[in-house]
Amino acid sequence: MPETLYGLAGLNTVVNPVSNGGGGGGSSFIPVRVVDIVLNENHPNFEEVGGWNGIGTIYYLSVVNPTTQDTSTNTAKPAFSNIKQFPLINEIVYLFTLPLPTSQDEPDNAGNYYFTPINIWNSQHHNAVPNGAILTEEQSPDYQQTQAGNVRRVQDNGTEIFLGNTFIEEPDIHPLLPFEGDLIYEGRWGNSIRFGSTVSGSSNDWSVTGSNGNPITIIRNGQNPNIPTDGWVPTVEDINGDLSSIYLTSTQKLPLQASSTNYNSYPSNPPTTPNQFAGKQLILNSGRLVFNTTTDHLLLTSKKSINLNAIEGTYIDTPNIVLNSTSIKLGSKDATESLMLGDKTVTLLNDVLTQLISVVNDLGQLAAKPIIGGAAPDPKLIATAAKAKIKLTNSKNKLNTLLSKQNKTV
């Protein structure tokens, strides 16, 4: 299958880009195929391209005449400094020439820069083109002829194109389905940012409430792994199926399946369940959430209530807890029994036991004295009084052990 199949023939009709260190310059553009890229200090040409200043430098071949060039001098750097989309091997980029750092001293000294990869297959995963005039037998089924031209339709494990040392093609990574007015940024692995809006009558999950144009921002990391369609069929974000996501809404209602919605602690007016609330909110949904501060406080404030809702339990580990409230109910919202004040209760019991010990002591002494003209002392009563005095004294000595060393109340 000739390379003209991909619509690339005839593009190499502009001025060739300069070779490394060459002079000249201009505004001509030329498509080239990436054959290597410097991404870290482990690349053998790291120092040759300028060390850390050369990160992102590609080596390339002409798309039309790939066998007539030596790639050792065919290099180009990224054109943009703040937004970087480094190409994969075998992706196509456009080159153009602009001044080099040395141009301040040598105005004619120019070098090659490249734009982001050409969107040949309209795929956010990769847009590499098979290198060579004829597709291999394994590759041919992955490229089909349609009325719009050739399209990439991978139905096996990959297109057998070398994309890099660690990049493994995953044909089931779906592009996002756009809606009117969307601004979408997509990574290669099902991670994306959508600046969208409510679109009445659309197939997304966030347009069942509100009006057209109500803004929504969706940050997603990892698409739903169980999407039933082929990898080239676009999909929309799935708040319950995607691996991790953040939703910033304005008027939308989202079908979030919360892990727990037990609001029995509320005496009245419990919160609206997450899948029924419509309005401005921020939703974070993932397998685990961690909020951590390193230098200052973590503050949770709310206009209404703060609800902690968990299936297994709520655990707090901290050296100090202060609950400042006019009403604290433990065990149930219907709790009516008042808690005892420990220190005052111990003081009261101490006074009672002291009096009882005194009474028992007097009783024992009285029982030991013979009654004039009457009966002899009662040994049984004396023994009982002695035992009671010992028990009461021991109880009195244990009163302070009833007080918590950690928990205080008012």
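Hydrogens, waters and symmetry mates play no part in the numbers below; they use all other heavy atoms, side chains included. What you see is a predicted model; the values in this text were computed from it and never measured.
- Residues forming a side chain to side chain donor-acceptor pair (under 3.5 Å) with Tyr263 (at least two apart in sequence, or on another chain): none.
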Result block: side-chain N/O donor-acceptor pairs under 3.5 angstrom for residues 361-368, not counting sequence neighbours:
{"from": "Asn361", "atom 1": "OD1", "to": "Lys389", "atom 2": "NZ", "distance (Å)": "2.9"}

Test ring-ring contact (aromatic ring centres under 6.0 Å, His included) applied to Phe80 and Tyr113, step by step
CA-CA 9 Å; Phe80 304 113; Tyr113 295 84; over 10 Å; no
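- Shown here for Ser200 and Asn212, the closest heavy-atom pair between the two residues is N-OD1, 2.6 Å.
- Distance alone, capped at 3.5 Å, is enough to place a donor-acceptor pair between the Arg220 side chain and the Gly190 backbone.
- Residues passing the ring-ring contact (aromatic ring centres under 6.0 Å, His included) test with Phe86: none are found, sequence neighbours excluded.
- The ring-ring contact (aromatic ring centres under 6.0 Å, His included) test applied to Phe167 returns His125, Trp189, not counting sequence neighbours.
- Under the rule for a side-chain contact (heavy atoms from CB on, under 4.5 Å), the partners of Pro175 that lie at least two apart in sequence or sit in another chain are Gln124, Glu186, Pro234.
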Report all side-chain donor-acceptor pairs from residues 285-297 shorter than 3.5 Å, counting only partners two or more places apart or in another chain.
{"from": "Asn285", "atom 1": "ND2", "to": "Ile239", "atom 2": "O", "distance (Å)": "2.6"}
{"from": "Ser286", "atom 1": "OG", "to": "Ser244", "atom 2": "OG", "distance (Å)": "2.6"}
{"from": "Thr293", "atom 1": "OG1", "to": "Asp296", "atom 2": "O", "distance (Å)": "2.7"}

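- Atom CG of Asn40 has more than 12 heavy atoms from other residues, nucleotides or ligands within 6.0 Å.
- For Glu91, the side chain to side chain donor-acceptor pair (under 3.5 Å) test picks out Arg188, with sequence neighbours left out.
- With hydrogens and angles ignored, the 3.5 Å screen pairs a side-chain donor or acceptor of Asn127 with a backbone N or O of Trp121.
- Not counting sequence neighbours, Ala386 has no partner by the side-chain contact (heavy atoms from CB on, under 4.5 Å) test.
- With hydrogens and angles disregarded, no donor-acceptor distance shorter than 3.5 Å links the side chain of Asn394 to the backbone of Asn397.
- Between Thr116 and Tyr94, the side chains place no donor N or O within less than 3.5 Å of an acceptor N or O (distance only, hydrogens not considered).
- More than 12 heavy atoms of other residues, nucleotides or ligands sit less than 6.0 Å from atom NZ of Lys333.
- For Thr261, there are no side chain to side chain donor-acceptor pair (under 3.5 Å) partners, not counting sequence neighbours.
- For Ala335, the side-chain contact (heavy atoms from CB on, under 4.5 Å) partners two or more places apart in sequence, or in a different chain, are Lys329.
- Put simply, the side chain of His174 never gets that close to the backbone of Thr235: no donor and acceptor are under 3.5 Å apart.
- Taking the six-membered ring wherever Trp is involved, the centroid distance between the rings of Tyr247 and Trp206 does not fall below 6.0 Å.
- For Asp182, the salt bridge (charged side-chain N to carboxylate O under 4.0 Å, His left out) partners are Arg194, not counting sequence neighbours.
- Annotation: side-chain contact (heavy atoms from CB on, under 4.5 Å) contacts of Leu349 (sequence neighbours excluded): Thr345, Leu399.
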